Each structure stands twice: as structure tokens, then as C-alpha cells.
Protein chains: 2
Amino acid sequence: MVEFDRCGINCIHEEAVKAVKEVLFSEDVAISLAELFKALGDPTRVKILFSLMTRELCVCDISAVIGASESAVSHQLKILRTLRLVKYRRDGKILYYSLADDHVEKLFIQGLEHVTE
Amino acid sequence: MVEFDRCGINCIHEEAVKAVKEVLFSEDVAISLAELFKALGDPTRVKILFSLMTRELCVCDISAVIGASESAVSHQLKILRTLRLVKYRRDGKILYYSLADDHVEKLFIQGLEHVTE
DNA sequence: AATATATATGAATATTTGCTCATATGTACT
DNA sequence: AGTACATATGAGCAAATATTCATATATATT
């Protein structure tokens with residue numbers, strides 16, 4: 001077994017590093033989690049999602065509510081769709097967007113708990 | 001009162017827009033929330049935080065566990081510190097980092113629920 | 001004081017990202 | 001078929017970001 005001695009005796013805690021590494025999830029999971037949080041990590045997307053917590057809305061409504069161009073909203077909605085955070089139904093020319101499930105709400109509640117503390 | 005008619009009758013749902021706007025949190029809260037999630041939205045920081053879920057670790061340990069340079073880890077730790085996601089205690093030359101509270105764990109659990117579904 | 005070590009910080013750089021503008025797609029209506 | 005409208009998409013650009021490298025700071029040891 002290779003000794004870990006890049007730092008002095010007191011720095012690298014060999015057992016700790018090994019123990020943590022054993023528990024560590026896969027690289028893939030880390031990346032997926034980061035992607036999810038990154039999607040939530042933009043003011044425009046936060047506002048879109050928060051708007052949708054109230055009720056389903058079309059792109060045009062969202063644009064009016066949050067004060068962003070329809071194109072910008074559409075681009076952001078694509079990201080949220082890809083991550084299955086929102087879904088939509090079509091009614092004629094209009095697409096009504098809504099939250100895909102209750103995960104976003106739960107994450108927002110947890111997040112707000114941290115932010116407003 | 002100003003009529004909202006940028007789109008045709010069927011597009012902008014005036015009552016919906018007004019109702020949602022009334023409920024909408026402040027711009028500041030949206031930005032704070034986005035900042036929090038953005039901090040969680042990077043693979044390196046996800047790995048750092050996940051490592052710390054196991055036990056407290058020094059910078060050097062974290063670097064070894066996640067396979068990133070100590071400088072990179074230190075830079076990311078600064079961001080996590082600023083957002084009060086991690087704290088540290090000093091023991092001589094070594095700084096031991098740990099999670100600031102249980103918010104991160106809760107957010108990760110919620111996030112994983114969405115990702116692994 | 002001088003040296004070594006653990007970590008922090010600043011500058012520089014390459015990549016990513018969010019927006020705008022122009023254009024395309026899909027649906028409804030005539 | 002042709003027009004209008006709601007939304008999507010692609011290219012281009014400015015701003016943000018994560019890393020590396022060099023240097024600074026803080027603590028311990030001699």
C-alpha cells in the first residue's frame with residue numbers, strides 16, 4: 001500500500017482520506033447534482049420557477065411577470081426542461097409551463113431557510 | 001389601470017400576471033437564492049461538500065480526496081465560506097473545515113432525490 | 001531571527017454562460 | 001395557400017467563472 005506523505009505527518013490524515021473516498025459517490029452523481037443546482041443558480045431561472053410555483057403560465061406571461069424578454073425566457077425554459085424541472089402542455093398556439101414535480105418547491109424551501117437565517 | 005395587450009387576447013393572462021406578481025418575493029431574495037444554488041452548482045464544490053458530510057477535513061485532505069489542487073480547493077472554499085456553507089477551526093498550521101450547518105445535507109438529499117429519479 | 005509548512009490570495013487565461021438579434025417552427029384563422 | 005401569432009433556436013458577444021501559477025500570510029520549529 002502506498003504511503004501518503006505529500007505533506008508532513010500532521011497534514012494528510014491518511015485514514016480520513018481513505019474513509020471518505022470509500023464513501024464518496026461516483027463522479028457522475030457529483031456532476032448530475034452540480035448540474036441540477038447550477039440550473040437553480042441563476043436569478044432569471046429562480047424567478048421563472050418561483051412564478052410557476054403559483055400556477056401554470058405561458059412564456060409570454062412569465063416574460064411579463066419577471067421582466068425578461070420572451071427569447072431569454074424561452075432559452076432558460078429549455079435548460080429547465082432538459083433537467084426535467086418544468087413541463088408544458090400545448091393549447092393551440094400557447095404553451096403552458098408548470099413545475100414538473102414538487103422537488104423544486106422543496107429545494108426552494110430548504111434554500112430559503114438557509115438564506116433567510 | 002393599464003390594459004395589458006402586448007399579445008393577443010389569448011396570450012397574456014392579465015389576472016394571472018398580476019396575481020403572481022403580488023406573491024413574488026423581492027428581487028433580493030431571488031438573487032440570494034440563486035447565489036446559494038450557484039455555489040452548489042459546481043462539481044468541485046459538490047465534491048468538497050460531500051467530503052465534509054463525512055467528517056471535518058483539512059484543505060490538504062480535501063485536495064487528496066477529490067483530486068484537485070490545494071489552490072483550487074482553497075479558492076472554492078472561500079466561496080463556500082462567504083455563503084456560510086462551511087466553517088473552520090484552526091489547530092496550529094492546519095485549518096479543519098466542516099459543514100456550517102445541516103442545510104447542505106438537506107439540500108443534497110433533496111437534490112439527489114430529483115437526480116436519481 | 002530564520003526556515004518550513006499549511007493555506008490564502010492575486011493575476012492571467014481559457015471556458016462557460018446569459019442575453020440580444022435574426023430567423024425558423026408550429027398552430028390557427030381566413 | 002397565405003397571414004398572424006406564440007414560441008423555439010442559432011449565431012454572436014459581453015460578462016462571469018474555475019483553474020493554474022506565482023506570491024503572500026500565518027503558525028510552528030529550530
Side-chain angles (χ1 to χ4, degrees), chain A residues 4-13 16-17 30-31 34-35 37-49 56-83 86-98, chain B residues 4-13 16-17 30-31 34-35 37-49 56-83 86-98:
Chain A
F4 229 111
D5 60 357
R6 232 180 48 206
C7 297
I9 301 172
N10 279 327
C11 174
I12 281 261
H13 304 80
V17 170
I31 291 174
E35 267 176 2
F37 286 124
K38 189 184 288 179
L40 302 177
D42 173 76
T44 299
R45 290 192 292 270
V46 166
K47 289 178 201 166
I48 290 175
L49 293 169
E56 71 171 7
L57 293 168
C58 70
V59 175
C60 197
D61 286 340
I62 298 171
S63 164
V65 169
I66 72 174
S69 79
E70 290 172 35
S71 178
V73 169
S74 187
H75 275 294
Q76 300 310 325
L77 281 171
K78 177 171 190 154
I79 295 173
L80 298 175
R81 252 185 291 139
T82 302
L83 287 165
V86 301
K87 63 182 194 295
Y88 64 91
R89 69 179 178 86
R90 176 181 284 279
D91 182 13
K93 285 178 290 193
I94 301 178
L95 299 183
Y96 288 94
Y97 277 87
S98 56
Chain B
F4 228 110
D5 59 357
R6 231 182 45 205
C7 296
I9 302 172
N10 279 327
C11 175
I12 281 258
H13 304 79
V17 170
I31 291 175
E35 267 177 0
F37 286 123
K38 189 184 290 180
L40 302 177
D42 172 76
T44 299
R45 290 192 292 271
V46 166
K47 289 178 201 166
I48 290 174
L49 293 168
E56 70 171 8
L57 294 167
C58 69
V59 176
C60 197
D61 286 340
I62 298 171
S63 164
V65 168
I66 73 173
S69 78
E70 291 172 34
S71 179
V73 169
S74 187
H75 275 293
Q76 300 309 328
L77 281 171
K78 177 170 190 156
I79 294 173
L80 298 175
R81 252 185 290 139
T82 302
L83 288 165
V86 301
K87 63 182 194 295
Y88 64 91
R89 68 179 178 85
R90 177 181 282 280
D91 183 12
K93 285 178 290 192
I94 301 177
L95 298 183
Y96 288 93
Y97 277 86
S98 55

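The sequence lines fix the lettering, A, B, ..., with proteins before strands; numbering per chain opens at 1. Since the structure is predicted, the reported quantities are computational estimates derived from the model, not experimental observations.
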Could you check how far [atom1] of [X] sits from [atom2] of [N], rounded to whole Å?
X	N	atom1	atom2	answer
B/R89	D/dT27	CZ	C1'	15 Å
B/L77	C/dA8	CG	P	6 Å
A/I62	D/dA6	CD1	C1'	13 Å
A/E70	D/dG10	CD	P	19 Å
B/Y96	C/dT7	OH	C1'	13 Å
A/K78	D/dG10	NZ	C1'	9 Å
B/I94	D/dA28	CD1	C1'	11 Å

Readout for nucleotides 16-22 of chain C: B = base within 4.0 Å of protein heavy atom, S = sugar-phosphate only, - = neither; 5' to 3' it is -SSSBB-
Readout for nucleotides 23-30 of chain C: B = base within 4.0 Å of protein heavy atom, S = sugar-phosphate only, - = neither; 5' to 3' it is ---SBS--
Atom pair [atom1] ([X]) and [atom2] ([Y]), whose distance is rounded to the nearest 0.5 Å:
X	Y	atom1	atom2	value
B/H75	B/S69	NE2	OG	8.0 Å
B/I62	B/S74	CD1	OG	9.5 Å
B/I48	B/L80	CD1	CG	6.0 Å
B/E35	B/I79	CD	CD1	10.5 Å
A/L57	A/L95	CG	CG	12.5 Å

- Query: What residues form a side-chain contact (heavy atoms from CB on, under 4.5 Å) with A/T82, not counting sequence neighbours?
  - Reply: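 For A/T82 the side-chain contact (heavy atoms from CB on, under 4.5 Å) partners, ignoring immediate neighbours, are A/K78.
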Sequence neighbours excluded, which residues qualify as side-chain contact (heavy atoms from CB on, under 4.5 Å) partners of B/R89?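 Here the qualifying residues are B/E56, B/D91, B/Y96.
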Worksheet item: Who pairs with A/Q76 by side-chain hydrogen bond (donor to acceptor under 3.5 Å, both in side chains), at least two apart in sequence or on another chain?
Response: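 For A/Q76, the residues satisfying side-chain hydrogen bond (donor to acceptor under 3.5 Å, both in side chains) (neighbours in sequence not counted) are A/R45.
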For residues A/L77 and A/Y97, report the shortest heavy-atom separation together with the two atoms involved.
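Taking A/L77 first and A/Y97 second, the nearest heavy atoms are CD1-CE1, 3.6 Å.
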Worksheet item: NA contact type, B/Y97, heavy-atom cut-off 4.0 Å: base, sugar-phosphate, or nothing?
Response: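 Sugar-phosphate contact only - B/Y97 comes under 4.0 Å of backbone atoms but never of a base.
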